[in-house]
Amino acid sequence: MSIKEKITSLLFSPKPKKTAEGEEELPQTWAEETAEPPVTGILDQSLLELPAEHPINRLYDQRRKEHGYLPSPRICLDEDGVLPEEMVLKERNRLQTILKGACLARMKEARGKDQVKKKKEEAQEGPPVLEAKPFFFLSADKLFAWMIVFPPVGEGAELTRELIYQAMITQGISYGVDTKLVDRLPRDDRRYFTLFLVAKGKPAFDGKNGNIVDNFPRVIERILEVDEYDQVDYTALNLIRNVKQGQEICRLIKPTEGEPGRTVLDQEVPAKSGKSVPLPQGKNTEISEDGLSLLASIAGHVEFSGRSFQVKPVMDIPGNVDFSTGNITFLGDVNVHGDVLSGFSVRAMGNIHVDGAIEAGCSVEAGGDLVVVKGILGDGSTVVRAQRCVFSKYVENSTIYVRENLQTDCIINGNVYCDGEVQVRSGRGCIMGGRVWAAKLVSAQSVGSQSECKTAIALGGLPCTNFEREVVSQELRDLEIEMEKLEAQLDSPVKASLLGKLRMKMSVSELKLRQMEDDLMDIKLELNEKNDGRLECGIAYPGTELTFGDEVLRLRQESRQCIAKLLYGEIVLM
């Protein structure tokens, strides 16, 4: 309806009729305009639904009786839909309680002035005189201020710009005021009984914590990928991360300062600054002059030790380990670009990478991972140890000691002690002859052979600890044999000196053996209760012997796609 039509309706419309309750009945045009629009779509969570008996409706009815047309009350916290939903839902409950109290106070104020006036002028009748009154509602964090204006009563003054600003000064609202809204509000049709967001504060922003950007991975994934031909490229493991001297290992991102905020009451909201983090400096590393980079002080292999980056020196052997190099003992990592020839040994505190093969009669010990691209070809006396994982093309006639996992294409007449898993799935994927003892899992395509060669698979327990016990026991037997030979010789000062040294070695070996046996006895019951070892194979041939602790099962016939486990004290093939 246009303004002209509204004026015409006010001037020429019939007088309102009295209802049964004594209230005036509004003309049809007013009733249509003041009626609430039908609710459609999704309910607005920021819109406060007021019951009919709410005090604001009484004030609204009184104003409507005095001045006719008046838009219905609308209490909406987030008219533009930009405020956080959690905050709006939280403030709705507060607003409902506070608004009810403010409306009751306004009604009480009007009644109080009316009673005083009647006492002074008993003969005079008429409504009390109250000017328009802005009411402010502040969010719990004082970052938002809403305003609702109660209309004047009687001949009271209408809403003005000065009245709003004076009320703001009284409430202390002085920051983030929407001046455009305040300037136009006195002329707005919905200036009364409508909630407006009249001021916005500035939220505080906490600073970001410092961060470390790594140029080298902290965890090296030891996963072998099998190609479409069921082959594994053992040269593509890249377990050694080479770094040059002065090269950046990681970089520090400094923390940022917090940005304080401001409430609508012009009070500062403090902000927290980000926390700094130290550079993970370890051995053979240094911090740059600007303090933002961790640099390698030597060339070598980068490794993360759990708390810091460290650079281990790398020994690079361009050819074979033979008479030109001698036996290798190194505190860092070793790269052998050829073979480890018969009779030679390689020992390293870090990783060992052999591009060729390990031949018969060799001894190789790695404090980390061992990678043998072409395989391990022994003669029964070859011993290979690794404190982490072993990756090899094949294992033949060798003793393998590995603390974590072993992955290879085939094992032939090998003695394997593994505290983790033995994976023989790529390539031929066969275990033929020898003994494989794994604490957790043995997985292979085939176990044994059609010729029924004896192949032993042991599961559970502590394979590496038992291997060490066997080694110490063998040393003790060798010392006893040497002692017998020495005692058969004629007495001499040299004999007495050698006997003293041998007795000292035997005492140390006996002490080690006794300690290992005590440790094994302490945890034997716990290991028997777990029984988490398992064999998975595509085919198991007759002649295969399965061992779980004291339980032994010898296969008499061929089994395909089988899983062997220990259930209720018995070995079960599934």
Is there a side-chain contact between I212 and V277 in this structure, where contact means two heavy atoms from C-beta onward sitting under 4.5 Å apart? yes

To the nearest 0.5 Å, tell me how far L252 CG sits from S288 OG. 9.0 Å

With heavy-atom distances below 4.5 Å as the criterion, would you say the side chains of L195 and L95 are in contact? yes

Got a sec, which residues hit salt bridge (Lys or Arg N to Asp or Glu O under 4.0 Å) with E268, two or more places apart in sequence or on another chain? R262

Start with the C-alpha distance between L294 and I287, add both sets of side-chain angles, then the distance that settles side chain to side chain contact (heavy atoms under 4.5 Å, CB included), and finish with yes or no. CA-CA 5 Å; L294 183 66; I287 299 176; 4.3 Å; yes

Is the count of non-hydrogen atoms from other residues, nucleotides or ligands lying under 6.0 Å from M87 atom CE greater than 12? yes

Examine the side chains of S308 and Q281 and answer whether a donor and an acceptor come within less than 3.5 Å of each other. no

Taking the side chain as every heavy atom from C-beta outward, state whether D141 and V269 have any atom pair closer than 4.5 Å. no

For side chain to side chain contact (heavy atoms under 4.5 Å, CB included), just list the numbers for V182 and Y165, CA-CA rounded to whole Å, side-chain angles, deciding distance to a tenth of an Å, and then say yes or no. CA-CA 8 Å; V182 175; Y165 279 117; 3.5 Å; yes

Test item: V572 and K565 side chains (from C-beta on) under 4.5 Å apart, heavy atoms: no

Taken to the nearest 0.5 Å, the spacing of L197 CG from L181 CG works out to 8.5 Å

From SG (C103) to CZ (R58), nearest 0.5 Å: 10.0 Å

Residues, nucleotides or ligands: over 12 heavy atoms within 6.0 Å of E85 CD: no

Quick one: closest heavy-atom pair of A52 and N57, and the distance? O-ND2, 3.2 Å

State, to 0.1 Å, how close S443 and Q423 come at their nearest heavy-atom pair, and which atoms those are. CB-OE1, 3.5 Å

Nearest 0.5 Å, what's the OG-CG distance between S174 and L265? 7.0 Å

Ion pair D183/K180, N-O distance below 4.0 Å: no

Pair F216, H301 - check side chain to side chain contact (heavy atoms under 4.5 Å, CB included), show working. CA-CA 10 Å; F216 292 86; H301 161 64; over 6 Å; no

Are the side chain of N211 and the backbone of I253 linked by a donor-acceptor contact shorter than 3.5 Å? no

Do the non-hydrogen side-chain atoms of L163 and V149 ever get within less than 4.5 Å of each other? no

Quick one, R534 with K440, criterion side chain to side chain contact (heavy atoms under 4.5 Å, CB included). Give me CA distance, side-chain angles, the key distance, then yes/no. CA-CA 6 Å; R534 188 170 78 257; K440 298 179 180 179; over 6 Å; no

Could you tell me if E91 and S139 have a donor-acceptor pair between their side chains, going purely by distance under 3.5 Å? no

So, taking the atom named CZ in R191 and the one named OG1 in T160, what distance separates them when rounded to the nearest 0.5 Å? 11.0 Å

For Y192 versus L159, what's the shortest heavy-atom pair and its separation? OH-N, 3.2 Å

Quick one: does R403's side chain get under 4.5 Å of R388's, heavy atoms only? no

Please collect all salt bridge (Lys or Arg N to Asp or Glu O under 4.0 Å) contacts where either partner lies in residues 206-215, sequence neighbours excluded, each pair once. D214-R218

I need the L77 CG to F144 CZ distance, nearest 0.5 Å. 10.5 Å

Going by heavy atoms in the side chains, are V311 and S297 under 4.5 Å from each other? no

Answer yes or no: is there a side-chain heavy-atom contact under 4.5 Å between P255 and S276? yes

